[in-house]
Amino acid sequence: MLETQALDIQKIRADFPILQRKVKGKRLVYLDSAATSQKPKAVIDAISDYYSRYNSNVHRSVHTLGEEATAAYEASRAKVASFVGAPAKSLVFVRGTTEATNLVRFAWGDKFVKPGDLLVTTMMEHHSNIVPWQLLAKSKRATLKFVGLNPDGTLDLSSLEALLKESPRLVAFTHCSNVLGTINDAAKFCSMAKRAGAVTVVDGAQAVPHIPVNLGAIDCDFYAFSGHKMLGPTGIGALVGRKELLEEMEPFHGGGEMIKEVFLDHSTWNAVPHKFEAGTVNIADSIGLGAAVDYLTSLGMPKVRDHEVKLLTYAARVLANVKGFTPYGPADPKRKAGVISFNLGDVHPHDLATILDDEGIAIRSGHHCAQPLMRWLGVAATSRASFNVYNSNDDVDALEAGLQKAGAIFGL
Ligand SMILES: Cc1ncc(COP(=O)(O)O)c(C=O)c1O
């Protein structure tokens with residue numbers, strides 16, 4: 001039974017063409033939105049409309065199509081920036097969170113990190129917020145250290161404080177964990193890191209789709225997120241940077257459109273953010289991301305968050321009935337985003353995901369690109385059910401039934 005909720009889930013589901021399909025003859029129960037979310041028709045239409053009506057390159061041509069494409073691309077930048085409370089000129093379109101952290105690694109790190117510097121990240125990070133810093137530390141002969149975790153899957157503040165005493169050059173952490181769901185107090189951590197003189201990088205890949213984000217209040221130096229996890233297309237995301245820092249940094253890629261003037265022996269750079277958008281940009285998908293932001297805005301992010309807290313609360317109650325169900329991360333739904341990682345007895349997560357797939361239920365199994373966190377949890381892998389605006393209690397009920405069935409097969 002669907003409860004009366006602030007979001008009209010049946011109406012929302014009708015907006016997502018893929019949710020009308022069946023998998024193995026069953027209703028698709030999509031619980032893998034943390035990997036990538038589904039897309040509403042408005043997003044698909046916005047992309048198709050660009051290619052059908054005004055496909056053209058941006059920032060170059062003075063003809064009508066070129067001007068329409070440029071206007072749509074820049075309007076999308078303004079919408080996406082405003083959605084996270086940032087000025088449009090500080091938002092660089094990138095392929096996604098991974099490209100954003102790598103941009104910081106090269107364009108900021110190469111210039112500002114010196115041998116002997118300390119870089120800090122945490123034990124709950126996605127590999128995209130670990131590996132770029134390992135590479136940077138290696139190339140600069142800097143050191144990388146990790147903030148530890150409390151047993152409940154929250155960040156250990158005393159570990160962060162201890163590392164801040166060593167005056168790190170960079171502090172990078174996730175706003176929401178893609179495994180534990182933990183929501184970190186980004187404003188507090190950034191202010192602590194800033195007082196220690198560090199530049200802050202926040203991975204917002206799992207935050208922007210799920211909670212209202214206001215970068216004005218968080219006050220970080222860099223904030224990264226991916227369009228495809230927030231109902232938008234793949235291949236587009238954003239790096240929001242402090243404008244002065246973006247101006248001081250070196251370019252990331254060299255080529256067309258990122259320059260002001262090119263001479264034989266040197267070049268000068270276009271204004272920020274264009275300095276970081278070399279070559280032909282991903283026009284169609286940036287317009288699609290603008291449509292996703294319109295869609296989320298029309299639902300209202302406080303309502304989206306409220307819906308997910310209710311769903312997490314319901315799921316915690318229902319899934320506790322399943323024998324062998326072991327969840328990871330904070331127990332309090334208010335402290336986490338719509339992600340539930342768990343194991344079922346000693347059933348391998350891949351076997352579980354295969355059994356659930358036969359029921360039309362899509363979950364993720366594996367290390368979730370967070371191997372250091374898996375080691376900390378003492379497991380090789382977990383199963384993960386993750387929510388978005390189209391999920392409701394009936395999806396949780398289906399998951400519970402699927403888990404009961406798997407438990408019976410494996411004799412739990
Ligand atoms: C917390 C977190 N950070 C970063 C990423 C990387 O995002 P992308 O693959 O879109 O670059 C993900 C994707 O799963 C994620 O969940």
Side-chain angles (χ1 to χ4, degrees), residues 2-7 9 12 31 33-34 37 83-85 122-126 147-158 160 173-192 202-220 223 225 229-230 296 299-322 325-342 368 370 373 377 382 384-397 399-400:
L2 296 185
E3 278 176 10
T4 314
Q5 282 151 338
L7 293 184
I9 301 302
I12 289 173
L31 293 171
S33 293
S37 68
F83 186 66
V84 293
T122 89
M123 289 297 293
M124 70 164 77
E125 301 307 312
H126 187 279
V147 180
L149 308 184
N150 297 312
D152 67 351
T154 53
L155 270 195
D156 176 0
L157 271 188
S158 61
L160 174 61
F173 64 90
T174 191
H175 198 170
C176 289
S177 160
N178 64 315
V179 176
L180 306 167
T182 315
I183 300 175
N184 285 316
D185 187 340
K188 178 173 168 178
F189 297 169
C190 285
S191 114
M192 288 166 70
V202 183
D203 170 354
Q206 298 294 347
V208 179
H210 301 285
I211 60 176
V213 170
N214 178 4
L215 294 187
I218 291 174
D219 200 24
C220 54
Y223 194 93
F225 54 101
K229 294 181 197 287
M230 51 185 287
L296 286 170
L299 297 180
M301 286 311 289
K303 274 193 196 170
V304 168
R305 172 65 185 146
D306 193 46
H307 172 67
E308 279 191 3
V309 172
K310 283 189 188 136
L311 205 45
L312 283 165
T313 309
Y314 181 72
R317 180 154 53 84
V318 168
L319 299 177
N321 298 327
V322 178
F325 179 79
T326 310
Y328 303 101
D332 180 357
K334 293 212 168 66
R335 299 201 67 180
K336 61 189 284 180
V339 171
I340 303 173
S341 282
F342 62 93
H368 314 293
L373 178 56
L377 289 169
T382 74
R384 181 183 73 186
S386 52
F387 302 133
N388 212 304
V389 295
Y390 33 73
N391 292 117
S392 193
N393 292 358
D394 57 350
D395 296 323
V396 174
D397 294 340
L399 177 64
E400 189 224 3

Could you work out, with side-chain hydrogen bond (donor to acceptor under 3.5 Å, both in side chains) as the rule, every residue matching T182, not counting sequence neighbours? none
Counterpart residues, ring-ring contact (aromatic ring centres under 6.0 Å, His included), relative to F173 (two or more places apart): F189
If I compare all heavy atoms of T313 with all of P333, which pair ends up nearest, and what's the gap? OG1-CG, 3.5 Å
For Y328, which residues count as a ring-ring contact (aromatic ring centres under 6.0 Å, His included) partner, sequence neighbours excluded? none
Determine whether a donor-acceptor pair (N or O, by modelled atom type, separation under 3.5 Å) exists between the side chain of E400 and the backbone of V322. no
Mind checking what makes side-chain hydrogen bond (donor to acceptor under 3.5 Å, both in side chains) contact with D332, not counting sequence neighbours? none
Under the ring-ring contact (aromatic ring centres under 6.0 Å, His included) test, which residues partner F225, sequence neighbours left out? none
If the condition is salt bridge (charged side-chain N to carboxylate O under 4.0 Å, His left out), which residues does D219 pass it with, not counting sequence neighbours? K194, R242
Quick check against the 3.5 Å criterion: does N150 have a side-chain atom that pairs as donor or acceptor with the backbone of L155? yes
Can you give me the closest heavy-atom contact between K303 and L299, atom names plus distance? CD-O, 3.5 Å
Report the residues that fulfil side-chain hydrogen bond (donor to acceptor under 3.5 Å, both in side chains) with S33, sequence neighbours left out, ordered by chain and then residue number. Y390
Suppose we screen for side chain to side chain contact (heavy atoms under 4.5 Å, CB included). Which residues come up paired with A370, at least two apart in sequence or across chains? V179, L373
Using the side-chain hydrogen bond (donor to acceptor under 3.5 Å, both in side chains) criterion, which residues pair with S191? Sequence neighbours excluded. R195
Among residues at least two apart in sequence or on other chains, which ones pass side chain to side chain contact (heavy atoms under 4.5 Å, CB included) with D306? K310
Can you sort out the partners of H368 under ring-ring contact (aromatic ring centres under 6.0 Å, His included), two or more places apart, ordered by chain and number? none
For residues 205-214, which side-chain donor-acceptor pairs fall under 3.5 Å, sequence neighbours excluded?
unit_1 : atom_1 : unit_2 : atom_2 : d
Q206   : NE2    : A34    : O      : 3.0
H210   : ND1    : E308   : OE1    : 2.9
H210   : ND1    : E308   : OE2    : 2.8
N214   : OD1    : G216   : N      : 3.0

